[in-house]
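Written out below as structure tokens is the structure these notes cover.
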Amino acid sequence: MGCGLSSTPTIRTNASTAILASLNSPGGALGSHWHSSNQACIATTTLVSTSLGIHSRLLSTFCPLLDVDRYSKYGLLGSKPMQRAHLRASTVSLAGGFFGFGKKKIVLPEIVQAGDPVLHECTEEVALDEIGSERIQKIIDDMIAVMWDAPGCGLAAPQIGVPLQMIVLEDKEEYIRYTLKEEAEAQERHPFDLLIIINPKLKPKGTKTAKFFEGCLSVNGFRGLVERHLEVEVTGFGRDGLPIKVNATGWKARILQHECDHLAGLLYVDKLIPRTFRTSANLRLPLASGCPKPGVD
């Protein structure tokens, strides 16, 4: 779920083009480090530059710093449903990691955007005896890292291309400061600590609903008015495999509903109130006549 913050800018295509040039240059970074005893990597194919950074699906390069095995274990390298996510990194830091200088940059899955089938299909439950596995724990770690990096206040596994029933969420004071004080009060928006829920089951409590604008990291740059239950109960399992129950109201309840919708193959645009869809830049423009106003019913 988007939290009204723009994505952190990164240097991408131009920098990765520079890396490609250095691969072919005798005096470049590769030339000066290739034969060292601490050889950083053995390139067997060409790195592919895209508008989102280095496209790892076409990277048949052995490089321990890239930790490709970490992602292949849970299917992030390839073209099958569980293998749709690409990897992304700051290419400047990645160049330093490849060639033995500079700070190593953590490689993260890309956030899958609307239209990819993984966002529109139902997900599978995680087997209870799998929760403690290295594979599942690494997916959770990456979900958290991607959410923080975006930044956002919620993320579901399908958003990194993994069709499993897992969500992470956290709302921070620094995020809430980007919202007008009166809006945050109306939304009952308060900071809460990181929550990790596996195989969540959501149940509405009471009959009250509220209409507020939502965004989504997988529908980047847009907002829409969505009606949600004001109070919910969610049960599931923590990353330690123990049962968990969360009772939530206000904005926290909205985030939980938004993320659980992802697990059912639904985006907020599938539920938005007609004629309220807009760009983030136009968020504060007046609604069309006849549209309900945001607020608690």
Side-chain angles (χ1 to χ4, degrees), residues 1-3 7 12 48-60 68 70-89 107-127 130-131 133 135-136 138-147 149-150 152-169 196-202 214-224 226 228 234 236 254-272 274 277 279-280:
M1 181 172 182
C3 60
S7 298
R12 300 191 185 278
V48 180
S49 173
T50 72
S51 61
L52 289 172
I54 293 179
H55 194 315
S56 66
R57 286 197 303 174
L58 301 181
L59 176 62
S60 56
V68 172
R70 173 180 181 179
Y71 296 92
S72 62
K73 282 182 181 178
Y74 60 83
L76 287 180
L77 302 179
S79 58
K80 293 182 180 180
M82 231 183 132
Q83 302 173 327
R84 290 193 178 100
H86 303 164
L87 304 181
R88 60 194 170 98
V107 182
L108 299 175
E110 292 176 10
I111 297 173
V112 177
Q113 293 299 304
D116 191 305
V118 73
L119 291 175
H120 307 284
E121 298 169 351
C122 290
T123 53
E124 298 178 2
E125 286 194 348
V126 178
E130 278 280 316
I131 291 177
S133 69
R135 181 178 77 99
I136 296 300
K138 285 180 177 178
I139 296 173
I140 293 170
D141 287 341
D142 279 342
M143 289 173 64
I144 296 168
V146 169
M147 178 178 68
D149 182 67
C153 52
L155 193 85
Q159 292 182 274
I160 61 166
V162 180
L164 294 176
Q165 294 184 13
M166 300 192 293
I167 62 174
V168 298
L169 55 153
I196 300 158
I197 310 177
I198 300 169
N199 299 340
K201 299 289 185 288
L202 185 144
E214 292 184 17
C216 182
L217 296 174
S218 291
V219 191
N220 198 24
F222 296 92
R223 298 288 188 273
V226 182
R228 301 277 191 191
V234 177
R254 179 170 292 267
I255 298 172
L256 284 164
Q257 291 170 84
H258 179 111
E259 302 306 332
C260 286
D261 276 352
H262 275 300
L263 306 184
L266 296 172
L267 301 176
Y268 81 92
V269 293
D270 297 316
K271 292 190 168 185
L272 62 77
F277 188 61
T279 64
S280 299

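Checked for salt-bridge contact, Glu125 and Lys201 meet the test: a charged N lies under 4.0 Å from a carboxylate O.
The closest side-chain heavy-atom distance from Glu259 to Pro200 is not below 4.5 Å. For the pair Val168 and Ile197, the minimum side-chain heavy-atom distance is 4.5 Å or more. Counting heavy atoms from C-beta on, the side chains of Ile136 and Leu164 come closer than 4.5 Å. In this structure, Ile167 and Val234 have side chains that are not in contact, with every pair of non-hydrogen atoms separated by 4.5 Å or more. The closest side-chain heavy-atom distance from Val269 to Val226 is not below 4.5 Å. Put simply, the side chain of Leu267 reaches to within 4.5 Å of the side chain of His120, judged on heavy atoms.
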| Could you walk me through whether Val126 and Met166 pass the side chain to side chain contact (heavy atoms under 4.5 Å, CB included) check? | CA-CA 8 Å; Val126 178; Met166 300 192 293; 3.9 Å; yes
| request: Mind running side chain to side chain contact (heavy atoms under 4.5 Å, CB included) on Met143 and Ile160 for me, showing each step along the way? | output: CA-CA 7 Å; Met143 289 173 64; Ile160 61 166; 3.7 Å; yes
| message | I'd like to know whether Met147 forms a side chain to side chain contact (heavy atoms under 4.5 Å, CB included) with Cys153, so could you lay out the CA-CA distance, the side-chain angles of the two residues, the decisive distance to 0.1 Å, and finally the verdict. | response | CA-CA 7 Å; Met147 178 178 68; Cys153 52; 5.7 Å; no
| said: I'd like to know whether Val162 forms a side chain to side chain contact (heavy atoms under 4.5 Å, CB included) with Asp142, so could you lay out the CA-CA distance, the side-chain angles of the two residues, the decisive distance to 0.1 Å, and finally the verdict. | reply: CA-CA 11 Å; Val162 180; Asp142 279 342; over 6 Å; no
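Not a single donor-acceptor pair under 3.5 Å links the side chain of Gln165 to the backbone N or O of Ala157. At distances below 3.5 Å, not a single donor-acceptor pair connects side-chain atoms of Thr123 with backbone N or O atoms of Pro163.
Closest heavy-atom contact between Val219 and Ala114: CG2-CB, 4.3 Å. The two residues Leu263 and Ala156 come nearest to each other via the heavy atoms CD2-CB, 4.1 Å. Contact record, Gly161 with Val112: N-CG2, 3.5 Å, taken as the closest heavy-atom pair. Nearest heavy-atom pair across Leu119 and His262 is CD2-ND1, 4.4 Å.
Interatomic distance, Cys216 SG to Asp261 CG, rounded to the nearest 0.5 Å: 10.0 Å. Leu155 contributes atom CG, which lies 12.0 Å from atom CD1 of Ile255 (distance to the nearest 0.5 angstrom). Within the model, atoms CG of Leu169 and CD1 of Ile196 stand 9.5 Å from one another, a figure rounded to the nearest 0.5 Å.
Residues passing the side-chain hydrogen bond (donor to acceptor under 3.5 Å, both in side chains) test with Asn199: none are found, sequence neighbours excluded. Not counting sequence neighbours, the partners of Ser280 by the side-chain contact (heavy atoms from CB on, under 4.5 Å) test are Arg223. For the side-chain hydrogen bond (donor to acceptor under 3.5 Å, both in side chains) test, no residue two or more places apart in sequence or in another chain qualifies with Glu124.
A donor-acceptor contact closer than 3.5 angstrom links the side chains of Ser218 and Gln159.
The aromatic rings of Phe277 and Tyr268 sit tilted, their planes meeting at an angle between 30° and 60°.
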